[in-house]
Structure formats: C-alpha cells, structure tokens
Amino acid sequence: MFIRRCCRSRASRRESGQALIMALVVLLFALPVGLYFIDGVRVMVRSAVAERQQKTASGMANAVATDYFRQFSQNAYDGHYDTDSLSRPQTFYSAGYSTVTFIPDAANHSLYLKASGSYGSAAQPKTTRVLEAMIQFYSDLVQYGTMVNGAFTVSASNVNYFGGFYTNGNLTVTGANVRFNGGPVVVRGNLSGAASVVIDGDLYYSGTSAGSVTVLGNRYNFIPSVNWPALDFAYYDAHYTYKTSVNQTIVFNSTGTFTVVGGATYAIPAQGAIIYAENANLTIRGIVSGRVTAVAGAATAGNCASAAGRIIVNDNLYYVGASSIAASANASFAALARNCVTFTKTGANLLVAGVFFAEQGTVNMRLTGSAGYRFWLYGVRTQGISVSGFSGGISLNYDANLRSFQPPGLPERALLVNWKLR
C-alpha cells in the first residue's frame, strides 16, 4: 500500500514538472510573438494615422488649386493676374489649415501657385504637404487659323488653309485639291470630302463619318475642348483706353500711338490698349505699334449691312518693324466685332494682320475690292468670307506668334500645365 502511494506521488511530481516546463516553453515562444504582433499593430496604427494626416494635408493643398480653377471658370476676363482677386487668407479647417503664395505673369499669361496644406494647429502642424502648380491662360481665339461657329462648306478648289481649322458643326469640302496645313482640323460633327482633300496633320471629329479625305496625321473620333468665345462688353466698358458711342475712324501710328480721325492722338500703354465702340462701328487702318484690341459692341445681333457692332478695315493694317505680318512682344492686334468684320480697298492690294472675330453668324465677314488685286490675311479669322473683287488671289495664313503675344482683353481659359505634390 505504501509503495503504491509513493509511486503515484513521484509520477505526479514528474507530470507537474513537465507541465511547468511546457508552460515556460510556450511562454518563451508566445511572448516574443505577442510582442512582435503588438509592435506590428502599433506601427500599422502609426502608419494609418500618418497616412490620414498626409491625405488631409494633401486635400487642403489641392482644395486651394481647385478654388482657383473654380474662380477662373466663372470669368474669362477678370481675376487672372491681379493680387486682389488671387489673394487668399490663411484658411482653417477642422483638422488643419492651408496657405498659398502666387506669382502672376500677365505678360506671359501664366500663374505660379504654391499651396501648403497642414494637419494640426497653425503653431505646431504635424504634417505639411506642398502643391506647386503652373497655370497657363490661353484664348481659343489664337489657337486656330480659321474658326467657324457652325457648319461650314469649302466650295473653292485648289485652296490651302494654314494653321488649325475648327468648325462648331459639320465640315463639307466640295472643292477639289483642298489642303489643310500646319495644324489640326477639329470638326464638331461629320467631315465630308473626297480623297483629293488632304489634311497635313491630325483630324479630330465627333461625328460618325470622316468622309474619304486623306489624313497624313492621326484620326481621332473625339474633339479637344474648344469654346466659342462670348464677348463681355461690360469688361471692355470697364477697361478701355478709348471709348466712343458714335462711329469713329482709328488710324494706328508706328510711334506707339493711335489717332481718332478728327480728334486726339492716344498713347498705347505698355500693358496694351483697348479701343471700345459702344453700340457703334469702328473703321481702322495703319501700322500697329504695341498690343491693341479694337472692340465694336452692339445691344442686338445684326448683319454686315447696317447694324451697329461692325469693324471695317479700309486699308492695310499690319505691325511695326521687320516682322510686319507676325505678332511680337512689341505689336499684336485683335478686332472683335459683335456683328461683322469687313475688309475693303479698291485699286490696290490689301494686307491685314491680327485676330478678326465676328461673334454672330457664320458668314459675317466681307471682302470687297478691285479685280486683279490680291488680299493677304496673317492671323486668325472666325467666319467664312464673302468675296467681291480681288481676283488676283486670296491668301489666308495663320500666325502662331499670336499664342505667345496675345492682344489684350481676349477671353481666356485656364489650363494646368505642371503639377507637383510633395
């Protein structure tokens, strides 16, 4: 009986020791593993918190740039370069704040932004992200050699179009040997034409057919963003260098001035001059020295016969200096008419340079002259031109320099050209 109890006691002690050893082994193994997992969870939580802080800070910086684009989309004229419109106070949020600095460049139509978004208090931010952005302002009025606000038909043969070509509707080419050079053709609709029609560049169209035309570049069945500009006469009424409410004739001088026939001579400011006719017509000619925009406004739409809001170019109109047909830092020009632009000269050739925009209609441009003489246009025209005379030839040429040296007061759109978040 005693021997049996003794054996049991020894066996029990042996089992208890083994259990204790196993518990120690498990503890030695489980403790590091547990600590490892706890440390991993701690790192994950810290990383998640940091990521949330960075996302919040990035969102605050991005919100600044978004606010600027909201502002620019609402006004195509004002608030692009002046400090009062661009300034932003330090903006506080529930978890942080944002600040912004900027460098406007009106001469080059650009704006540099540096926006900072910070998570935490202004005194002790925990995380800061910085967004740097370069915004370029450009006008659709200088992007294409020819713009038409609607469907358009090219019926003449053996015609070359230089620079981009845009129609806000179908484009039909019935003439033979028509060629588009030096820029894209953008058609908001269908393109119709024979194989003898050559596009020496890319074609963009939004319709279902591009006809049989020959495209030397690429074909795209969509169109890039293009807006037909709308003139804001309230802007010109607030920013003019000279204003008239009656018909006037303006002569541009090579000395950086312009003269109102029968009136005074005005200097063209360094930032450019806006000549505004309110419900009236302007007749213009001469040598442009400086950046100038002539605007003829009207309360109602009309035609080229008798309505107000017409611009008449009645003699040569070109730039000062050696590059008389190309815009430069010293000279660029635009004629913006509510209703009609007319080019006229008898008994001689006619040369004009600049942007010529008639807001209304699709054929509200006229060219009248004598048989046997030639007409040259270097720049942009935004209508089909009704021609009488000038049987010696007509040449329409795009001036790419207008993109770099825009005349003042053109409606602009903001384009984000560079973006960096760090």
Side-chain angles (χ1 to χ4, degrees), residues 141 144-167 171 173-175 178-181 247 249-252 277 281-288 294-296 298 301-319 324-325 333-399 402:
L141 285 175
Y144 302 90
T146 297
M147 293 183 71
V148 180
N149 189 26
F152 189 69
T153 299
V154 178
S155 58
S157 297
N158 305 310
V159 177
N160 285 332
Y161 290 96
F162 295 92
F165 195 104
Y166 167 79
T167 59
L171 175 61
V173 184
T174 58
V178 175
R179 192 178 187 96
F180 299 89
N181 293 290
N247 298 344
T249 298
I250 307 294
V251 178
F252 297 102
N281 303 321
L282 291 174
T283 299
I284 59 176
R285 62 179 182 271
I287 302 173
V288 177
V295 183
N303 53 39
C304 290
S306 59
R310 291 177 289 148
I311 292 180
I312 301 99
V313 184
N314 70 341
D315 204 339
N316 293 334
L317 178 71
Y318 54 90
Y319 302 126
S324 61
I325 58 174
F333 177 76
L336 311 179
R338 168 81 159 124
N339 286 318
C340 179
V341 175
T342 297
F343 309 98
T344 180
K345 187 176 182 180
T346 57
N349 297 327
L350 179 58
L351 168 67
V352 300
V355 177
F356 299 94
F357 174 60
E359 185 181 35
Q360 298 299 311
T362 57
V363 289
N364 275 6
M365 282 192 177
R366 291 185 176 182
L367 171 63
T368 61
S370 302
Y373 292 97
R374 292 184 57 85
F375 171 72
W376 295 270
L377 185 153
Y378 291 89
V380 176
R381 55 95 181 221
T382 62
Q383 299 275 347
I385 300 178
S386 174
V387 180
S388 175
F390 289 105
S391 58
I394 297 172
S395 180
L396 305 176
N397 305 276
Y398 176 55
D399 178 13
L402 287 165

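Quick caveat, the model's predicted, so the values are computed rather than measured.
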Asn160 backbone acceptor or donor facing Arg179 side chain under 3.5 Å: no
Does any non-hydrogen side-chain atom of Asn349 lie less than 4.5 Å from one of Phe375? no
As an exercise, state the distance from CZ of Phe357 to CD of Glu359, rounded to the nearest 0.5 Å. 5.0 Å
side-chain contact (heavy atoms from CB on, under 4.5 Å) assessment of Leu350 paired with Phe390: CA-CA 9 Å; Leu350 179 58; Phe390 289 105; 3.9 Å; yes
For Thr368 and Thr344, test the side chains for any donor-to-acceptor distance below 3.5 angstrom and give the result as yes or no. yes
Taking the side chain as everything from C-beta on, heavy atoms only, tell me whether Val355 gets closer than 4.5 Å to Leu402. yes
Would a 4.5 Å heavy-atom cut-off, applied to side chains only, mark Thr153 and Thr174 as touching? yes
Would you say Ile284 and Ile312 make side-chain contact, with heavy atoms under 4.5 Å? no
Quiz question: by atom type and distance under 3.5 Å, do the side chains of Arg381 and Thr146 form a donor-acceptor pair? yes
So how far is it from Thr382 OG1 to Tyr144 OH, rounded to the nearest 0.5 Å? 14.0 Å
Output the distance between atom NZ (Lys345) and atom CZ (Arg285), rounded to the nearest 0.5 Å. 10.5 Å
For Ala358, does its backbone N or O pair with a side-chain atom of Gln383 as donor and acceptor, under 3.5 Å? yes
Flag, side chain of Asn316 to backbone of Leu351, donor-acceptor distance under 3.5 Å: yes
Does the side chain of Tyr398 reach to within under 4.5 Å of the side chain of Asn181, using non-hydrogen atoms? no
Non-hydrogen side-chain atoms of Phe356 and Val313 separated by less than 4.5 Å: yes
Closest non-hydrogen atoms of Phe343 and Leu377, given as atom of the first, atom of the second and distance, are CZ-CD1, 3.9 Å
Rounded to the nearest 0.5 Å, how far apart are CG of Leu282 and CZ of Arg310? 11.0 Å
Of all heavy-atom pairs linking Gly175 and Ser157, the shortest is CA-OG, 3.6 Å
Nearest 0.5 Å, please: how far is CZ in Arg338 from CD1 in Ile311? 13.5 Å
Check: Gly372 main-chain N/O paired with Ser391 side-chain donor or acceptor under 3.5 Å: yes
For Gly309, does its backbone N or O pair with a side-chain atom of Asn339 as donor and acceptor, under 3.5 Å? no
Check for a donor-acceptor pair, side chain of Gln360 on one end and backbone N or O of Ala301 on the other, with a separation under 3.5 Å. no
Value rounded to 0.5 Å, distance of CG in Asp315 from OG1 in Thr283: 11.5 Å
Run the side-chain hydrogen bond (donor to acceptor under 3.5 Å, both in side chains) check on Asn397 and Ser395 step by step: do they pass? CA-CA 6 Å; Asn397 305 276; Ser395 180; 2.8 Å; yes
Are the side chains of Leu141 and Leu336 in contact, using a 4.5 Å heavy-atom criterion? yes
So Phe333 and Phe252, would you call those rings parallel, tilted or perpendicular, with 30° and 60° as cut-offs? perpendicular
For a quick test of reading the model, state the closest non-hydrogen atom pair linking Val341 to Ala337 and the distance between them. CG2-CB, 3.9 Å
Identify the heavy atoms of Ser324 and Ala353 that sit nearest to each other, and give their distance. O-CB, 4.2 Å
Can you label the angle between the Phe165 ring and the Phe180 ring as parallel, tilted or perpendicular, going by 30° and 60°? perpendicular
